[in-house]
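Below, each value reflects all heavy atoms present in this structure, side chains not excepted, and no hydrogens, waters or symmetry copies. So you know, we letter chains A, B, ... as the sequences are listed, proteins then strands, and number each from 1.
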Amino acid sequence: MRIELKREGGLAFIPGLNRPHVFKLGDLPPAQADAIARSVQAASFFERPARVGTASKGAADQTRYVLTIEDEGRRNTVQLLEPVEDPSLRALLDLLKQVERTAVRAAPQSR
Amino acid sequence: MILHPRWHRHSLHCVLPPYLLRSIAQNGSSAQRAAALRTSAVDNTFRSLRFVSNPLGQRSPGRVIAGMMAESQCYRSIYDVEGQETFPGKLVRSEGQGATGDAAVDEAYDGLGATYDLLWEVYGRNSIDDSGLRLNAHVHYGRNYDNAFWDGQRMVFGDGDGELFNRFTIAIDVIGHELSHGMTEDEGPLVYFRQAGALNESMSDVFGSLVKQRALNQTADKADWLIGAGLLASSIQGQALRSMKSPGTAYDDPVLGKDPQPGHMRDFVRTWEDNGGVHINSGIPNRAFFLVATQLGGYAWEKAGHIWYEALRDTRLRPDCGFARFARITLMAASRLYGEGGAEDTAVRDAWNQVGVPVTREKVAVAFTPPQGVQASKPSTRRPQA
């Protein structure tokens with residue numbers, strides 16, 4: 001399973017936090033990979049529409065996540081606008097943000 | 001002019017002639033200036049400009065004209081979301097209640113109050129919608145959540161992850177920033193895309209910074225002009241999220257990267273990211289405001305703040321407004337408030353020139369008022385240009 005998570009928006013545009021993060025489940029610790037795989041299934045990710053959540057009139061500085069997952073010939077991209085109200089999608093996003101956080105700190109951007 | 005505490009004000013609108021109001025607005029004490037400008041809000045000239053040139057009737061039908069109000073009351077409610085991402089959470093502090101000891105709760109409460117006070121005491125604005133909107137903030141949003149946002153109704157603050165960011169209530173200008181989005185939406189709106197979106201962001205930085213400067217009683221030359229000072233964790237190489245004084249210098253860090261803001265049109269960033277660079281190119285109008293404020297000296301929320309506030313309220317500020325149009329509107333606001341050819345007028349013109357936005361007042365006219373039943377104007381199909 002290949003996952004790409006890209007963060008957009010927020011209170012500031014911060015180059016190091018707005019890069020897409022790509023990772024494969026096989027490269028993660030087994031327990032973390034299993035949790036993500038179960039969460040993808042629980043969230044029915046491949047059946048989700050292209051956009052989840054709608055910005056209210058006048059909203060600003062909200063974070064939007066663009067999440068693409070490929071697995072066994074299937075591929076889906078979903079934009080998630082915070083606050084993500086669906087519990088299963090929120091749980092999946094939380095897991096992926098943990099991976100993203102580790103990756104951001106481990107690989108400072110080259111300048 | 002006598003000003004009593006917030007919940008018991010008197011106003012002498014109908015007694016003072018316009019020339020005296022103008023004199024007070026220019027030369028009076030801070031409190032006198034605020035009262036005079038509240039009164040000016042119902043002066044015929046200002047009223048005509050705002051309502052005759054607003055054929056689409058964007059304002060709420062039942063709206064109260066701020067200058068006609070004698071009293072205003074701040075109502076704050078702080079909710080603790082307790083690490084969840086659902087609203088409203090638990091109400092933990094309401095208006096008039098004492099400090100809770102929870103830093104995020106108390107900073108949010110104080111920040112809302114400082115923002116409310118700036119708007120009412122300086123600009124005569126009754127809360128962010130000018131109709132007494134109650135102010136709600138939600139703190140402790142999510143886990144390790146690195147953001148604060150305005151969702152159209154409420155302010156939401158994360159605690160930060162402690163590694164990159166501290167709690168987002170730590171910076172009072174960030175609280176003012178989020179609330180000001182509500183004000184811009186009410187007065188504009190300015191669409192959240194490209195130059196109009198950058199102006200929207202800049203407005204929030206301007207008034208957020210003014211909230212902070214007023215809370216600290218700082219004159220323009222003493223202010224740091226940073227947005228989000230204290231927000232970056234100690235391990236980060238940077239001072240803040242943005243610098244209005246020197247855009248592009250707020251941080252330069254191995255993890256965060258380098259602050260991408262330009263301070264001049266020659267460095268304008270064309271991008272599809274960040275809604276067309278709304279948090280990037282806002283550096284240009286931010287620096288223009290800084291230049292006006294420091295050129296005029298004194299407290300930035302006085303003359304410079306009034307000019308920007310009048311510009312925000314000007315109905316010629318279209319939703320797709322670009323930098324050049326906004327610059328002309330600020331120039332006309334300076335002339336209207338302080339007289340044509342004066343120091344204020346010159347400071348505004350010079351500031352925009354210094355950031356690469358040459359400005360003249362000739363190109364902006366009061367909007368055409370069409371016969372009833374005829375659409376006022378078609379949305380602009382031109383790409384906004386500075």
> Which atom pair, heavy atoms only, marks the closest approach of A/D61 to B/N147?
Replying inline: O-ND2, 2.8 Å

> Is it the case that more than 12 heavy atoms not belonging to B/R143 sit under 6.0 Å from its CZ atom?
Replying inline: no

> Under a 4.5 Å cut-off applied to non-hydrogen side-chain atoms, are B/F149 and A/T63 in contact?
Replying inline: no

> For B/E178, is it the side chain, the backbone, both, or neither that has a heavy atom closer than 4.5 Å to a heavy atom of chain A?
Replying inline: side chain

> Within a reach of under 6.0 Å around CD of A/Q41, are more than 12 heavy atoms found that belong to other residues, nucleotides or ligands?
Replying inline: no

> Between B/T86, B/V156, B/D161, B/N275, which shows the greatest number of heavy-atom pairs under 4.5 Å with chain A?
Replying inline: B/D161

> Atom CD1 of A/I14 and atom CG of B/D259: how far apart are they, to the nearest 0.5 Å?
Replying inline: 9.0 Å

> Roughly how far, to the nearest 0.5 Å, is the CZ atom of B/F87 from the CD atom of A/E85?
Replying inline: 8.5 Å

> Sub-3.5 Å donor-acceptor pair from the side chain of B/H279 to the main-chain atoms of A/G10, do we have one?
Replying inline: yes

> Is it the side chain or the backbone of A/Q62 that comes within 4.5 Å of chain B heavy atoms, both, or neither?
Replying inline: both

> Taking atom CG of B/L231 and atom CG of A/L11, what is their separation to the nearest 0.5 Å?
Replying inline: 7.0 Å

> With only heavy atoms counted, which part of B/V174 is less than 4.5 Å from chain A, the side chain, the backbone, both or neither?
Replying inline: side chain

>> Within the 3.5 Å criterion, strictly below it, is a donor on A/S56 or B/D151 matched to an acceptor on the partner's side chain?
In response: no

>> Evaluate A/E8 against B/D274 for side chain to side chain contact (heavy atoms under 4.5 Å, CB included), listing each step before the verdict.
In response: CA-CA 6 Å; A/E8 297 178 352; B/D274 185 37; over 6 Å; no

> So, are B/E273 and A/R19 salt-bridged, with charged N and O less than 4.0 Å apart?
Replying inline: no

> Looking only at heavy atoms, which two atoms of A/K97 and B/Y145 are closest? And how far apart?
Replying inline: NZ-CD1, 4.4 Å

> Tell me, side chain or backbone of B/N200 under 4.5 Å from chain A's heavy atoms, or both, or neither?
Replying inline: neither

> Can you find a heavy atom in the side chain of B/D146 that is under 4.5 Å from one in the side chain of A/L17?
Replying inline: no

> If every non-hydrogen atom of A/F13 is compared with every non-hydrogen atom of B/Y251, which pair is closest and at what distance?
Replying inline: O-OH, 3.2 Å

>> For A/P83 versus B/E85, what's the shortest heavy-atom pair and its separation?
In response: CB-O, 3.8 Å

> Considering residues, nucleotides and ligands other than A/E47, do more than 12 of their heavy atoms fall under 6.0 Å from its CD?
Replying inline: yes

